[in-house]
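Only a predicted model underlies this, so the values are computations on that prediction, with no experimental measurement involved. This chain uses plain numbering: 1 for the first residue, then up along the sequence.
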Amino acid sequence: QLVQLHHKAVVSTQSTGELEVEEIDLEDEEDYSCEVLASDDEVVPVEEEVDVCGMCSQVIEGQYLTALDNKFHPDCFVCVNCRNKIAPGQDFYERNDKPLCVDCHYLLYGYKCKVCDQFIKGQRLCWGDDAFHFQCVKCTSCAKALCETDDLKVINKKDFIHVACC
């Protein structure tokens, strides 16, 4: 979701240590530079809180995306593997606090079905080092496809069979 950036000026008072936050809308054309005077006309340093992009570490001015507990320039929110832009609303995975597109996630960390050689999205049937889509594996007794709720046995270390077919 894209939103407008608002600067927040954080003003600290040395004598009391209290913080006062003033929100500044960038769409106003006035100059908001200021100095804060404490008692006896003493100049107090002003600290400005700015938003920094979670990818490029540059200050964000204008629109930004919020994801992974960070803010990003819209053009900086890209997959850390293929560098393709991840659009607002597009699914992605998180890896080390950085975005990873769905295709790269499956390419790098996914399981391929031993029968159809396609990546498995969702539940998988695992046997040894192999993974399968449930719909790709058939009971060797009744030839019906397996499903996640079936009670299964493995015979001869390779044949899946419904317990009811035994």
To check you understand the geometry: which heavy-atom pair defines the closest contact between [X] and [Y], and what is its length?
X: Arg124; Y: Ala131; value: CD-CB, 4.2 Å
X: Ala145; Y: Gln135; value: CB-O, 4.1 Å
X: Lys85; Y: Val78; value: CA-CG1, 3.7 Å
X: Gln63; Y: Pro74; value: O-CD, 3.4 Å

(request) Determine whether Tyr111 and Trp127 fall in the same hydrophobic cluster, where Ile, Leu, Val, Met, Phe, Trp and Tyr are linked whenever their side-chain heavy atoms lie under 4.5 Å apart. (result) no
(message) Hydrophobic cluster membership, with links at side-chain heavy-atom distances under 4.5 Å among I/L/V/M/F/W/Y: are Leu68 and Val80 in one?
(response) yes
Do the non-hydrogen side-chain atoms of [X] and [Y] ever get within less than 4.5 Å of each other?
X: Phe160; Y: Thr140; answer: no
X: Tyr109; Y: Arg95; answer: yes
X: Cys101; Y: Phe92; answer: no

(request) Could you tell me whether a side-chain N or O of Glu94 sits under 3.5 Å from a main-chain N or O of Asn96, the two making a donor and an acceptor? (result) yes
(message) Under a 3.5 Å distance rule, please check whether His73 uses its side chain to pair with a backbone N or O of Val59 as donor and acceptor.
(response) yes
To the nearest 0.5 angstrom, please state how far the [atom1] atom of [X] sits from the [atom2] atom of [Y].
X: Asn84; Y: Cys104; atom1: CG; atom2: SG; result: 7.0 Å
X: Phe77; Y: Cys53; atom1: CZ; atom2: SG; result: 10.0 Å
X: Lys98; Y: Cys79; atom1: NZ; atom2: SG; result: 12.5 Å
X: Phe72; Y: Leu65; atom1: CZ; atom2: CG; result: 8.5 Å
X: Asn70; Y: Asp51; atom1: CG; atom2: CG; result: 10.5 Å

(message) Over 60° means perpendicular and under 30° means parallel, so tell me whether Tyr106 and Phe119 are parallel, tilted or perpendicular.
(response) tilted
(message) How about NZ on Lys114, more than 12 heavy atoms from neighbouring residues, nucleotides or ligands closer than 6.0 Å, or not?
(response) no
(message) Name the residue from Ile86, Leu107, Asn81 that meets the side chain to side chain contact (heavy atoms under 4.5 Å, CB included) definition with Leu100.
(response) Asn81
